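Here's the structure, in structure tokens; my notes come after.
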Amino acid sequence: MARQGLSRALVSAAWLSEAVRAGRVGSGLRVLDASWYPPKERNARQEFKERHIPGASFFDIEECRDKSSPYDFMLPSESHFADYVGRLGVSNDTHVVVYDGDEVGTFYAPRAWWMFRAFGHKEVSVLNGGFKNWVKEGHPVTAEVSQPTPAVFKARLNRALVKTFEEMVQNVSSIKFQVVDSRPEGRFRGTELDQGLESGHIPGAVNIPFHSFLSETGHEKSIEEIQEIFRAKKVDLSKPLTATCRKGVTACQIALAAFLCGKQDVAVYDGSWSEWFHRAPPHYKVSEQRQAQCNASVDTGQKRLTDCTEMTKNSLDWTSLSDYEQLGYNLRSNLFQGGPLKSRSLMRDSYTPDIIQKAIRDPNNWHGRRIYELGKWYEKYFLDLNVQKAMKDKYGDKKGKP
């Protein structure tokens, strides 16, 4: 892409203000407010109604997503996206400028920018500094909501810019592409909760918090500074790269930063940690806190085994603690991914059909109380040799005799 095309990924407040004053906002230039905030903190749509950039429309990320997915903000279908942006007056010939009102400067706008690119639209830019700096610099705002003339948009998903769970799992062993995680360090390391989920990261991922690319004022840092950030983390922009985060939002900041450096093909793992946490096997979730808990569990397990001298005389082999953790993964896979009904019988005292359906629709419910009950199930049956034998018959003897 020519240098002009790369610089078009960002537009300044001064440039957009001039376009607004010149009356260029219309079929050839659409401005979209892509703000989103936690409902208990701020109301993005209401704030848009109260004040926004003249001629702008509200891009509702809650509406433009795959509502059938249990994970937040997954990409919609091609037809859904095309219909939605078409109603906002966006055609394939429209230059789109996206912004948001977050206090950091830019938060959700890069997600909208990436969505347009993922569906084949190249003429899309992020307002550098966001609405925060637009207001600070004294540019015009309005409460008047415009009604854009609907347009025809043809969407075609560029699958090279989107990574699936299966591709991410394969990459753990194949390492075909680099993985950069844009979440805060504590969530990446697994030392603090990630919006209600246990935190941690995908094996092999590198951590570059998204705010590293923003200046104190909320503007994107210079290309030279961005390149140095990648170099410091030993991320090679000449090689394949995928970005991830909590729910596929701030990962797009990585894609935008790399794009400014000339790398146009950064993919985003759309499900990110939200999906990975619920679907990946335990040993594919790297967490300092989890490791500490595992170490404590091993110590406890060794003590229990020492105390059970009579049971060790039985000819059956002991199943290791890691096998029971794998059992938990297999059970969760069966329960939440349509596995055989007979596997559910193992948990029939804890999981009723209504609880299963609730957990499918509400991952937080699964993560919270239900996981606790699964742990109690471990404790109840850990020393049951019949269960050990059933596990050996079903999964084979992984470890062999000690």
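Position 1 is the first residue of the sequence, and the numbers go up from there. Computed from a predicted structure; not experimentally measured.
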Can you confirm whether [X] sits close enough to [Y] that some side-chain heavy atom of one is under 4.5 Å from a side-chain heavy atom of the other?
| X | Y | result |
| --- | --- | --- |
| V141 | F131 | yes |
| N171 | M168 | no |
| E62 | K67 | no |
| D181 | V206 | no |
| P140 | W134 | yes |
| V104 | H211 | no |
| Y37 | F107 | no |
| R111 | D100 | no |

Residues which pass side-chain contact (heavy atoms from CB on, under 4.5 Å) with [X], listed by chain and number, not counting sequence neighbours:
| X | value |
| --- | --- |
| A56 | V31, F48, H52, I53, Y99 |
| D93 | S91 |
| E166 | T164, R279 |
| Q178 | V235, D236, K239, L241 |

Rounded distance [0.5 Å steps], [atom1] in [X] versus [atom2] in [Y]:
| X | Y | atom1 | atom2 | answer |
| --- | --- | --- | --- | --- |
| F277 | S287 | CZ | OG | 9.5 Å |
| S12 | H219 | OG | NE2 | 8.5 Å |
| E275 | T244 | CD | OG1 | 9.5 Å |
| L75 | M115 | CG | CE | 5.5 Å |
| I226 | L256 | CD1 | CG | 7.5 Å |
| W273 | R246 | CH2 | CZ | 10.5 Å |

With sequence neighbours excluded, residues passing ring-ring contact (aromatic ring centres under 6.0 Å, His included) with W114:
none
Who passes ring-ring contact (aromatic ring centres under 6.0 Å, His included) against H121, sequence neighbours left out?
F116, F153
Would you say that more than 12 heavy atoms from the other residues, nucleotides or ligands in this model lie under 6.0 Å from the CZ of R51, or not?
no
Name the atoms and distances for all side-chain donor-acceptor pairs under 3.5 Å in residues 13-25, with sequence neighbours left out.
unit_1: S17; atom_1: OG; unit_2: R21; atom_2: NH1; d: 2.3
unit_1: S17; atom_1: OG; unit_2: H139; atom_2: ND1; d: 3.1

Does any pair with a residue in residues 225-234 pass side chain to side chain donor-acceptor pair (under 3.5 Å), and if so which ones, sequence neighbours excluded?
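Of all non-adjacent pairs touching residues 225-234, those that pass side chain to side chain donor-acceptor pair (under 3.5 Å) are S222-E225, E228-R231.
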Output all residues satisfying salt bridge (Lys or Arg N to Asp or Glu O under 4.0 Å) with R30, sequence neighbours left out; order by chain, then residue number.
none
Can you list the residues that meet the salt bridge (Lys or Arg N to Asp or Glu O under 4.0 Å) rule with D265, with sequence neighbours excluded?
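For D265 the salt bridge (Lys or Arg N to Asp or Glu O under 4.0 Å) partners, ignoring immediate neighbours, are K263.
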Cut-off 3.5 Å, side chains only: do S274 and S272 have a donor facing an acceptor?
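S272 and S274 do not have a side-chain donor-acceptor pair below 3.5 Å.
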Examine distances only and state if a side-chain atom of [X] and a backbone atom of [Y] form a donor-acceptor pair shorter than 3.5 Å.
| X | Y | answer |
| --- | --- | --- |
| S215 | K221 | no |
| N128 | E220 | yes |
| N92 | K154 | yes |
| S182 | F210 | no |
| Q253 | T106 | yes |
| S174 | Q170 | yes |

Angle between ring planes, W36 versus Y108, binned at 30° and 60°: parallel, tilted or perpendicular?
tilted
What closest approach, in Å, do [X] and [Y] show between heavy atoms, and which atom pair accounts for it?
| X | Y | answer |
| --- | --- | --- |
| T142 | P54 | CG2-CA, 3.6 Å |
| S27 | T94 | O-OG1, 2.9 Å |
| R42 | D102 | NH1-CA, 4.3 Å |
| S212 | I229 | O-CD1, 3.2 Å |
| F81 | P76 | CB-CG, 4.0 Å |
| A112 | A34 | CB-CB, 3.8 Å |

Restricting to side-chain hydrogen bond (donor to acceptor under 3.5 Å, both in side chains), what partner residues turn up for D83, sequence neighbours left out?
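Partners of D83 under the side-chain hydrogen bond (donor to acceptor under 3.5 Å, both in side chains) test: R87.
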Excluding sequence neighbours, so at least two apart, what forms side-chain hydrogen bond (donor to acceptor under 3.5 Å, both in side chains) with S77?
S79
Run the salt-bridge test on [X] and [Y] with the 4.0 Å N-O cut-off and return the result as yes or no.
| X | Y | value |
| --- | --- | --- |
| E185 | R189 | yes |
| K132 | E103 | no |
| E123 | R8 | yes |

Worked check of salt bridge (Lys or Arg N to Asp or Glu O under 4.0 Å) between R156 and E78:
CA-CA 6 Å; R156 184 174 182 179; E78 292 175 336; over 6 Å; no
For L32 and V96, what are the C-alpha separation, side-chain angles and deciding distance, and is it a side chain to side chain contact (heavy atoms under 4.5 Å, CB included)?
CA-CA 7 Å; L32 303 179; V96 178; 3.7 Å; yes
Side chain to side chain contact (heavy atoms under 4.5 Å, CB included), that's the test. Do V268 and V162 meet it? Break it down for me.
CA-CA 5 Å; V268 169; V162 187; over 6 Å; no
Quick one, Y71 with F165, criterion ring pair (Phe, Tyr, Trp, His ring centres under 6.0 Å). Give me CA distance, side-chain angles, the key distance, then yes/no.
CA-CA 12 Å; Y71 310 112; F165 172 77; 9.0 Å; no
Side chain to side chain contact (heavy atoms under 4.5 Å, CB included) evaluation trace for S125 with H95
CA-CA 8 Å; S125 309; H95 177 196; 2.8 Å; yes
Between Y84 and D60, is the side chain to side chain contact (heavy atoms under 4.5 Å, CB included) condition met? List the steps.
CA-CA 9 Å; Y84 184 79; D60 192 342; 3.3 Å; yes
